[in-house]
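Let me begin by presenting the structure, written as structure tokens, before commenting on it.
Each chain gets a letter, A, B and so on, in the order its sequence line appears, and its residues count up from 1. Reckoned from all heavy atoms, side chains included, excluding hydrogens, waters and symmetry mates.
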There are 2 protein chains.
Amino acid sequence: MSFFETLADRIDDRDSVVSVGLDPDPDRLPEFLDADLPRWAFNRRVIDATHEHAACYKPNAAFYEDSDGWRALEETIAYAHGKGVPVLLDAKRGDIGNTARQYATLLDDDGLGADAITANPYMGRDTLEPYLSRADKGVFILCRTSNSGGADFQNLTVGNDKRLYEYVAQRCQEWNEHENVGLVVGATAPEELESVRDLVDLPFLVPGVGAQGGDAAAAVDHGLADGVGLVNSSRGIIFAGEGAADEDEYFRAVGAAAKRLKQRLNKHR
Amino acid sequence: MSFFETLADRIDDRDSVVSVGLDPDPDRLPEFLDADLPRWAFNRRVIDATHEHAACYKPNAAFYEDSDGWRALEETIAYAHGKGVPVLLDAKRGDIGNTARQYATLLDDDGLGADAITANPYMGRDTLEPYLSRADKGVFILCRTSNSGGADFQNLTVGNDKRLYEYVAQRCQEWNEHENVGLVVGATAPEELESVRDLVDLPFLVPGVGAQGGDAAAAVDHGLADGVGLVNSSRGIIFAGEGAADEDEYFRAVGAAAKRLKQRLNKHR
């Protein structure tokens with residue numbers, strides 16, 4: 001089964017397009033966590049609290065880039081799979097042939113076993129090929145990102161009155177030979193979400209609805225393709241327990257935040 | 001001392017602009033290596049064999065992305081530093097604010113302690129800021145890359161008859177407030193090396209001279225700024241011992257390959 005078929009089933013089953021971003025910022029991990037691998041201990045509790053509302057988990061590789069971190073990431077992915085939730089590794093990788101092939105092993109079962117990955121298009125098609133050629137896995141390619149500098153290069157006009165992010169979207173659609181390609185399009189630029197949706201019928205991963213304050217209605221209206229797509233919140237869910245009196249209260253708040261986002265998004269589905 | 005001051009001293013001291021790429025592809029590691037951390041064992045021997053010819057070591061993060069890999073990378077960086085050689089982590093990262101800050105900890109002494117890093121510009125200035133703001137460290141931003149798909153987006157005309165990679169170069173020059181910014185410009189497109197050099201006076205990291213068959217003369221002529229810059233070879237050096245009868249012969253060939261590249265480049269300096 002392809003990634004997007006798996007994801008479609010999960011979305012139906014859980015009635016949710018919520019992607020929960022597992023970004024365990026060491027400065028914000030709760031103090032009550034006293035474990036050998038605190039990131040893994042935290043993620044396990046987050047997964048316990050949120051999995052019934054999660055269409056997908058999206059760990060960002062930046063938060064795992066050390067020896068213990070990688071172990072925490074392996075455990076986290078295996079645990080999410082044990083709960084039946086697919087995992088999208090937010091790695092934003094992009095490199096030349098032999099190196100990109102190495103990065104693609106993150107998707108292998110004897111690597112991390114992630115179900116999908118995010119990738120950066122700047123270096124061109126051959127750097128994406130190790131992901132594009134994997135019919136069983138998904139790849140979400142950066143298109144229009146939700147950060148303040150997203151417009152610096154992505155909004156340049158590149159000819160035919162198209163902007164770079166629109167041109168990237170069209171090329172990605174051409175490269176979607178295995179129906180395994182999605183796009184990352186941020187919720188903080190709703191009119192751009194719409195402009196990309198007008199060009200392509202790929203599923204979007206839409207970050208920026210939580211801490212970054214993006215537009216939930218636009219995320220759902222334009223982010224889904226045949227009902228399939230993901231709207232991500234990371235800090236807005238996983239740190240929702242900050243200020244809680246104890247551990248149980250902390251993770252009840254985390255679960256409630258995931259449920260609230262699910263319901264908020266479902267109003268627009 | 002800034003990264004580029006350190007690098008300038010190293011280049012003078014060793015009379016070399018060679019960057020040795022430490023990309024220990026697991027499929028090509030010699031069979032005689034029988035160690036707990038084979039990538040680290042291999043890199044240590046490569047460093048022993050090449051350090052007198054090396055201006056810099058450039059490990060590519062893709063080859064270290066597992067728990068043992070991060071340990072191997074930590075050991076490798078510490079060992080290179082012990083030999084007095086600066087280390088450029090080829091990570092090609094780029095992500096939003098809090099995540100980019102996390103990636104930037106790879107430069108911290110309690111992280112990997114790398115002296116410089118490569119970064120991807122697609123997401124814009126704020127995603128580069130955690131590197132740009134580090135006056136003590138270097139950042140090489142992808143500009144025109146040496147792979148076959150490098151032209152797919154980088155060569156799009158973005159206005160004023162400028163191509164995207166030229167526009168990226170100019171913005172990076174503006175962002176060079178701390179004299180810590182370099183560009184990655186591949187040797188497989190010599191006329192583009194020249195066009196970027198005509199626009200900016202930043203040091204270049206020039207990959208593609210070894211296995212990728214790029215132009216050594218153009219790499220040196222255009223890659224250096226006031227004599228400072230790096231020309232990288234990875235596979236062409238570290239696997240130069242393939243076919244050797246034994247371990248000593250293997251690493252003699254590795255050392256000889258680094259020396260040959262140094263001499264070949266020095267003809268053009």
Legend entry - Interatomic distance, A:L89 atom CG to B:E65 atom CD [nearest 0.5 angstrom]: 8.5 Å
Legend entry - B:Y64 versus chain A, the contacting section by heavy-atom distance below 4.5 Å: neither
Legend entry - Under-4.0 Å salt bridge between A:R125 and B:D152: no
Inset, instruction - Could you tell me whether the side chain of A:S67 and the main chain of B:R71 form a donor-acceptor pair under 3.5 Å? - result: no
Legend entry - Interface residue of largest heavy-atom contact number with chain B, from A:L112, A:T127, A:T99, under 4.5 Å: A:T99
Legend entry - Exercise: identify the closest heavy-atom pair between A:G149 and B:D126: N-OD1, 2.9 Å
Inset, instruction - Measure distances from A:A72 to the heavy atoms of chain B and classify the residue's part below 4.5 Å as side chain, backbone, both or neither. - result: neither
Inset, instruction - Mark yes or no for whether B:Y122, through its side chain, and A:C143, through its backbone, hold a donor-acceptor pair below 3.5 Å. - result: yes
Legend entry - Distance-only side-chain donor-acceptor flag, A:N98 / B:D25, under 3.5 Å: no
Inset, instruction - Starting at CZ of B:F63, measure out to OH of A:Y103 and round the result to the nearest 0.5 Å. - result: 8.5 Å
Inset, instruction - Could you label the plane-to-plane angle of the B:W70 and A:W70 rings as parallel, tilted or perpendicular, counting under 30° as parallel and over 60° as perpendicular? - result: tilted
Inset, instruction - Mind listing the closest non-hydrogen atom pair of A:G94 and B:K92 along with its distance? - result: O-CD, 3.5 Å
Inset, instruction - Measure the OG-CE distance between B:S146 and A:M123 for me, rounded to the nearest 0.5 Å. - result: 6.5 Å
Legend entry - Minimum heavy-atom distance B:I96-A:R235, with the two atoms named: CD1-NH2, 4.1 Å
Inset, instruction - Name the region of A:R93, side chain, backbone, both or neither, that has any atom closer than 4.5 Å to a heavy atom of chain B. - result: side chain
Legend entry - chain A contact via B:R171 - which portion, at a heavy-atom distance below 4.5 Å: side chain
Inset, instruction - Let me know if A:T145 has heavy atoms under 4.5 Å from chain B in its side chain, its backbone, both or neither. - result: side chain
Inset, instruction - Take A:T157 and B:V158 through the test side chain to side chain contact (heavy atoms under 4.5 Å, CB included) and record every step on the way to the result. - result: CA-CA 6 Å; A:T157 302; B:V158 297; over 6 Å; no
Inset, instruction - Name the member of A:R101, A:E129, A:Q154 that forms the most heavy-atom pairs with chain B at distances under 4.5 Å. - result: A:Q154
Inset, instruction - For each of A:D23, A:D27, A:L73, A:V168, tally heavy-atom pairs with chain B at distances under 4.5 Å, and name the one with the top tally. - result: A:V168
Legend entry - Check: B:D95 side chain, A:A62 main-chain N or O, donor-acceptor pair, under 3.5 Å: no
Inset, instruction - Please look at B:D66 and chain A and tell me whether the side chain, the backbone, both or neither of the residue comes under 4.5 angstrom of a heavy atom of that chain. - result: both
Inset, instruction - Could you look at B:A91 and say if it's the side chain, the backbone, both or neither that has a heavy atom under 4.5 Å from chain A? - result: backbone
Inset, instruction - Check whether A:L106 gets within reach of chain B through its side chain, its backbone, both or neither, counting any heavy atom under 4.5 Å. - result: side chain
Legend entry - Region of B:L156 that comes under 4.5 Å of a non-hydrogen atom in chain A: side chain
